[in-house]
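Written below as structure tokens is the structure these notes are about.
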Amino acid sequence: MTNIVQKMTSIAQITDAFKTIEGDGFDVLRAIPSQTKESVGPVIFLDHFGPIEFKAGEAKGASAHPHAGIETLTLLLEGSSVHKDSMGNTSSMRPGEVQWMRAGAGIIHDESPDPELLKTGGRNHGVQLWFNMPKGKKHDAPEYQHYRADVIPVFVSEDGKSKTRVVAGQVAGLTGPVRSNGHPVVAHTSFLGEGQFTIPTPQASELALYVMTGRVQIGESGPFIEAGQIATLASGDALHVINPEGIAELLLIGGDPLDAPIVRYGPFVMNTRSELEQAFQDYHAGRMGVI
């Protein structure tokens with residue numbers, strides 16, 4: 001009889017996210033891209049906003065702006081926002097919900113605070129990812145989808161101290177509703193207190209864990225990952241996450257590596273400079289529509 005030794009996933013590198021300003025002037029922590037990594041799988045952008053408490057009239061969003069050559073995925077933990085785009089879509093986002101948008105050949109969208117939240121104030125917390133669109137797909141027609149919280153499958157740890165919501169890809173035997181090129185993996189874990197869980201490591205060429213709040217440890221002897229840090233994960237059969245303290249919010253991301261070099265400027269991400277210039281021309285010519 002052969003004994004199969006399970007290889008635990010470990011940390012290859014830890015990088016600090018950096019502070020910047022986005023949209024209409026709100027602060028974010030940007031974990032991707034950074035000086036050490038351009039991407040993790042198809043994820044070429046990770047902005048973390050909040051948690052922040054704002055007073056009445058202080059909430060800020062990202063008023064009408066274009067995108068091309070990418071897909072955006074926004075996950076809201078606290079607060080509310082309203083999405084509008086040049087395809088005519090309008091939807092209101094609440095905690096636990098996800099919005100996915102394929103910009104493709106070009107789209108204009110507006111991400112604004114919910115009018116009631118703007119009026120009364122409150123808390124805001126969430127994350128936005130950009131997925132690279134592969135070569136030959138960057139000019140696909142735009143699409144938009146809003147996912148309610150009840151369509152996102154949830155894995156609860158054995159100790160009951162954490163729940164993991166699988167947004168994209170396969171994690172712990174569950175499959176997320178968001179499907180895209182590059183086999184993206186996106187899973188959001190909430191720890192309610194001290195606890196731990198072990199899951200089979202998702203089958204992805206590249207994986208990373210970003211800590212939004214709290215601090216966690218990968219494996220019994222691994223280093224701690226603090227809030228605002230992203231850890232690139234090494235290959236292994238199982239991912240063991242330990243939360244030694246209170247509430248923690250984590251984001252597991254990954255997928256296939258980029259299929260071609262990318263050229264980016266602001267909201268546009270293409271494979272060549274000529275494609276990038278064409279995106280700007282299309283935007284200024286009004287070919288991405290209006291809201």
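Every value quoted in this text rests on a predicted model; they were computed, and no experiment measured them. All residue numbers in this chain count up from 1 along the given sequence.
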Quick one about [Y] and [X] (side-chain donor to acceptor, distance below 3.5 Å, no hydrogens or angles considered), yes or no?
| X | Y | result |
| --- | --- | --- |
| D24 | S63 | yes |
| E111 | Q128 | yes |
| Q99 | S91 | yes |
| T15 | T36 | yes |
| W100 | E71 | yes |
| H139 | E275 | yes |
| K37 | T232 | yes |
| K60 | N124 | no |

If you compare all heavy atoms of [X] against all heavy atoms of [Y], which two are closest, and at what distance to 0.1 Å?
| X | Y | answer |
| --- | --- | --- |
| P142 | I107 | CB-CD1, 4.1 Å |
| S81 | L76 | N-CD2, 4.4 Å |
| A248 | V216 | CB-CG1, 4.4 Å |
| D85 | H109 | CB-CB, 3.8 Å |
| T90 | K84 | OG1-CG, 3.9 Å |
| G79 | L117 | CA-CD2, 4.0 Å |

Would you say [X]'s side chain and [Y]'s backbone share a donor-acceptor pair under 3.5 angstrom?
| X | Y | result |
| --- | --- | --- |
| K138 | M133 | yes |
| K137 | G69 | no |
| K161 | E194 | yes |
| D259 | K135 | yes |
| S190 | E249 | no |

Salt bridge check, [Y] against [X]: does any charged N sit closer than 4.0 Å to a carboxylate O?
| X | Y | value |
| --- | --- | --- |
| D114 | R94 | yes |
| R30 | D47 | yes |
| D282 | R287 | yes |
| R215 | E245 | yes |

### Task
Report the relative orientation of the aromatic rings in F197 and F191; use parallel for angles under 30°, tilted for 30 to 60°, perpendicular for over 60°.
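Plane angle under 30°, so parallel.
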If you measure from [atom1] on [X] to [atom2] on [Y], what distance do you get to the nearest 0.5 Å?
| X | Y | atom1 | atom2 | answer |
| --- | --- | --- | --- | --- |
| I253 | L233 | CD1 | CG | 9.5 Å |
| M212 | F49 | CE | CZ | 10.0 Å |
| Q229 | F224 | CD | CZ | 12.0 Å |

### Task
Sequence neighbours left out, what pairs pass salt bridge (Lys or Arg N to Asp or Glu O under 4.0 Å) with at least one residue falling in residues 141-153?
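Non-adjacent pairs meeting salt bridge (Lys or Arg N to Asp or Glu O under 4.0 Å): R102-E143, R148-D150.
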### Contact check, side chains of P257 and S205, non-hydrogen atoms, under 4.5 Å
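P257 vs S205: side chains touch.
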### Query
Does the side chain of V28 come within less than 4.5 Å of I21's, by heavy atoms?
no
